[in-house]
Amino acid sequence: MPLAHFDGALAVVTGAGSGFGRAIALALAERGATVLAADIDLPSAERTVTLAKTLGPGGGAYEVDVADAAAMETFAAEVRHAHRVPDIVVNNAGIAVSGPFLDHGVEDWDRILGVNLWGVIHGSRLFGKQMVERVNALPNKPDKPNFGGHIVNIASAAAFAPTRSLPAYCTTKAGVLMLSECLRAELASSRIGVTAVCPGFASTNIVKNGTFVGGDAARRERIRARGEKALRLRRYPAEKVAERVVDAIIKNKAVVPVNFEGHLLHALSRISPASTRLLARIPVQ
């Protein structure tokens, strides 16, 4: 794959301060894209941009809460005014809430829906509209059709299968997957690609920074520690997920399961849904 594949492209990545977001931002920068790193933690986003400048054109950092509709409106307008319409948008920001459904409070649902689902909706709607307007404003030549852009929404292998321990997380990621499929159909005529990327277990801070509900504090911390250990033992780096994102943009793929468990759950969801329902019953100790 040529490193300069995205020369001249402008990319927006949310949740770019760490994990998948940082790895994706750096992978795009290395291939020639100017990256605008958005994160609720501005110093982390700035660090990502500093790293991006060692690999490619660099870019800019923005402090944005993707769950805040007004903030996202302002962010999208600022990107267009200060830069231009982006060519690539990666809606990556995400959080986790773990525990029994009946122990999830309204505030837990509000936050995870706001970040994981509404964040993707805001990013797709605002930047997707900019991309369509750009396509419509340019003369189109049959031999050289306009490239409208590409939107990548980071879902999860959890979008393919239920689990009793992650009802809110699975719900939001399944929503991201379906939204991406619907949006892909709508934007195809504008030559705008849409991809849902669905990673399994990978080395990020999502468990460390997650919210755990139900049981006493000692049990919650025990589950958190086990989750962090499992991710460490899995040893699947965020950089490999970023490689799959780059490949998906180049090849305009619709749905991209990542790593063994991602492919396994994707296959089971299609071949044997009953198996995923049985797996969902396994309790977390």
[X] side-chain N/O to [Y] backbone N/O, donor-acceptor pair under 3.5 Å:
{"X": "T171", "Y": "P167", "value": "yes"}
{"X": "T204", "Y": "I206", "value": "yes"}
{"X": "S269", "Y": "A161", "value": "no"}
{"X": "D87", "Y": "L10", "value": "yes"}
{"X": "D108", "Y": "G105", "value": "yes"}
{"X": "R164", "Y": "R281", "value": "yes"}
{"X": "N259", "Y": "Y236", "value": "no"}
{"X": "N205", "Y": "K208", "value": "no"}
{"X": "T14", "Y": "A93", "value": "yes"}
{"X": "N92", "Y": "N153", "value": "no"}

Could you check R191 against V135 for side-chain contact (heavy atoms from CB on, under 4.5 Å), going step by step and ending with a plain yes or no? CA-CA 8 Å; R191 299 188 178 276; V135 169; 5.9 Å; no

Any carboxylate oxygen within less than 4.0 angstrom of a Lys/Arg side-chain nitrogen, looking at [X] and [Y]?
{"X": "R22", "Y": "E239", "answer": "no"}
{"X": "D247", "Y": "K251", "answer": "yes"}
{"X": "R224", "Y": "E221", "answer": "yes"}
{"X": "R125", "Y": "E73", "answer": "yes"}

May I ask you to test the [X]-[Y] pair for a side-chain heavy-atom distance under 4.5 Å?
{"X": "V97", "Y": "F212", "answer": "no"}
{"X": "R184", "Y": "N252", "answer": "yes"}
{"X": "H83", "Y": "E78", "answer": "no"}
{"X": "F160", "Y": "C198", "answer": "yes"}

Look at the side-chain heavy atoms of Ile, Leu, Val, Met, Phe, Trp and Tyr, link any pair under 4.5 Å apart, and say whether [X] and [Y] land in one connected group.
{"X": "V152", "Y": "I250", "answer": "yes"}
{"X": "V49", "Y": "V90", "answer": "no"}
{"X": "V106", "Y": "V115", "answer": "no"}
{"X": "I282", "Y": "L264", "answer": "yes"}
{"X": "L231", "Y": "L166", "answer": "yes"}

Which value, rounded to the nearest 0.5 Å, describes the distance between [X] atom [atom1] and [Y] atom [atom2]?
{"X": "R226", "Y": "K229", "atom1": "CZ", "atom2": "NZ", "answer": "9.5 Å"}
{"X": "F260", "Y": "L265", "atom1": "CZ", "atom2": "CG", "answer": "9.0 Å"}
{"X": "S18", "Y": "D41", "atom1": "OG", "atom2": "CG", "answer": "8.0 Å"}
{"X": "K129", "Y": "S124", "atom1": "NZ", "atom2": "OG", "answer": "14.5 Å"}

Return the orientation label for the F101 and W109 ring planes: parallel under 30°, perpendicular over 60°, tilted otherwise.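 The arrangement is perpendicular - the two ring planes meet at more than 60°.
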
On the 0 to 90° scale, with breaks at 30° and 60°, tag the F75-F127 ring pair as parallel, tilted or perpendicular.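 Perpendicular, since the angle between the ring planes exceeds 60°.
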
For E133, I'd like to know if atom CD has over 12 heavy atoms of other residues, nucleotides or ligands within 6.0 Å.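 Yes, enclosed.
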
Passing candidate, side-chain contact (heavy atoms from CB on, under 4.5 Å) with I154, options T195, V256, I24, V176: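 With I154 as partner, side-chain contact (heavy atoms from CB on, under 4.5 Å) holds for just one option, I24.
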
Among V120, I151, I121, which residue meets the side-chain contact (heavy atoms from CB on, under 4.5 Å) test with L183? I151

As a quick check of understanding, evaluate side-chain contact (heavy atoms from CB on, under 4.5 Å) for V132 and L187, giving each step before the final call. CA-CA 8 Å; V132 170; L187 299 183; 3.8 Å; yes

Evaluate side-chain contact (heavy atoms from CB on, under 4.5 Å) for M131 paired with R134, printing each intermediate quantity in order. CA-CA 5 Å; M131 290 176 178; R134 176 175 60 184; 4.3 Å; yes

Are S44 and D39 close enough that a side-chain donor and a side-chain acceptor fall under 3.5 Å?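 On atom types as modelled, these side chains do not qualify, holding no pair under 3.5 Å.
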
